[in-house]
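Predicted model, so just to flag it, every value in this text is computed and none were measured.
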Amino acid sequence: MASAVHNIRRYAAYFHGWATAFGNHDKHLDEEQGLSWLLGEEQIGLILTPRVRAFLSPLFLSNREAGPPPVALGPEGIRIADTAVRFGSGSRLAFDTVMDLLQGKGDLHLLQTYHVIYPSGTRILTLSRHSPLALVYREIEPMTLRLVQTPA
């Protein structure tokens with residue numbers, strides 16, 4: 001895989017707790033790393049457990065002077081700023097889905113969503129081909145995603 005850079009449009013809800021529904025999906029578990037991936041039509045989601053939320057929190061900080069942190073994604077895992085998480089074998093399909101999304105035309109959008117089948121308050125980090133509802137979300141500074149052979 002050649003190293004490539006993609007700009008991802010990011011969104012935050014206008015009001016705390018607001019979110020739109022993720023929609024129909026298949027759930028895939030990476031039991032080695034405790035990751036729950038949701039694969040939907042032209043979108044992928046990751047359930048934000050407390051551990052995952054703590055790791056990904058820099059992506060949600062819209063008022064950082066330096067902007068969003070650098071993000072590197074590879075088949076072995078993801079690095080955000082100085083912290084890396086390795087994927088288990090259950091994340092391979094999720095990685096392939098992200099790669100398919102990146103190969104398509106048009107912008108990709110990163111936002112938090114929910115789904116009624118998960119406990120109240122559960123949020124899903126969603127990467128989608130579809131822009132979110134402007135009534136619910138405001139656009140914040142985009143992030144840069146760099147594809148690499150390894151996230152190190």
Side-chain angles (χ1 to χ4, degrees), residues 1-28 30 33-75 77-85 87 91 93-148 151:
M1 162 190 359
S3 182
V5 176
H6 297 271
N7 287 322
I8 309 291
R9 296 172 73 174
R10 294 184 316 143
Y11 299 84
Y14 279 109
F15 297 102
H16 180 73
W18 279 24
T20 57
F22 184 84
N24 293 332
H25 63 277
D26 293 321
K27 187 174 183 180
H28 295 269
D30 178 344
Q33 294 298 331
L35 303 174
S36 296
W37 297 100
L38 310 181
L39 306 180
E41 186 175 332
E42 296 191 322
Q43 66 180 356
I44 184 170
L46 176 62
I47 292 182
L48 293 173
T49 62
R51 183 179 75 84
V52 171
R53 185 181 295 275
F55 171 69
L56 294 176
S57 66
L59 293 180
F60 307 122
L61 301 176
S62 60
N63 59 354
R64 294 170 44 112
E65 284 186 31
V71 178
L73 175 69
I78 187 169
R79 174 179 288 282
I80 298 176
D82 296 327
T83 306
V85 169
F87 294 144
S91 288
L93 183 57
F95 176 78
D96 292 344
T97 300
V98 170
M99 293 305 296
D100 288 346
L101 287 170
L102 290 170
Q103 298 305 315
K105 293 182 181 177
D107 293 334
L108 289 179
H109 308 273
L110 186 70
L111 59 144
Q112 287 187 42
T113 60
Y114 79 98
H115 198 288
V116 296
I117 65 172
Y118 301 110
S120 179
T122 299
R123 288 297 178 257
I124 304 161
L125 182 64
T126 301
L127 182 64
S128 178
R129 279 246 155 262
H130 306 287
S131 60
L133 289 174
L135 180 65
V136 178
Y137 299 95
R138 62 184 168 85
E139 190 164 359
I140 59 177
E141 189 173 357
M143 67 170 246
T144 301
L145 175 68
R146 186 171 50 93
L147 297 176
V148 295

Query raised in the report: In terms of the angle between their ring planes, are Trp37 and Phe87 parallel, tilted or perpendicular, with boundaries placed at 30° and 60°?
Result: perpendicular

Requested in this report: Could you tell me how the ring of Tyr137 sits relative to the ring of Tyr11: parallel (under 30°), tilted (30 to 60°) or perpendicular (over 60°)?
Outcome: perpendicular

Without swapping roles, check the side chain of [X] against the backbone of [Y] for a donor-acceptor pair under 3.5 Å.
| X | Y | answer |
| --- | --- | --- |
| Thr49 | Val52 | yes |
| Arg10 | Glu141 | yes |
| His6 | Arg146 | no |

Measuring from [X]:[atom1] to [Y]:[atom2], what's the distance to the nearest 0.5 Å?
| X | Y | atom1 | atom2 | value |
| --- | --- | --- | --- | --- |
| Leu38 | Ile117 | CG | CD1 | 7.5 Å |
| Ser128 | His109 | OG | NE2 | 7.0 Å |
| Thr126 | Leu108 | OG1 | CG | 12.5 Å |

Please tell me if the side chains of [X] and [Y] come closer than 4.5 Å, counting only heavy atoms from C-beta onward.
| X | Y | value |
| --- | --- | --- |
| Val71 | Ile8 | no |
| His130 | Glu41 | no |
| Ile47 | His115 | no |

Query raised in the report: Run the side-chain contact (heavy atoms from CB on, under 4.5 Å) check on Leu111 and Thr113 step by step: do they pass?
Result: CA-CA 7 Å; Leu111 59 144; Thr113 60; 3.7 Å; yes

Query raised in the report: Looking only at heavy atoms, which two atoms of Ala13 and Arg138 are closest? And how far apart?
Result: O-NE, 4.3 Å

Query - Closest contact, heavy atoms only, Thr122 versus Tyr114 - result: O-CB, 3.7 Å

Query raised in the report: Hey, mind stepping through Arg129 and Gln43 against side-chain contact (heavy atoms from CB on, under 4.5 Å) and telling me if it holds?
Result: CA-CA 6 Å; Arg129 279 246 155 262; Gln43 66 180 356; over 6 Å; no

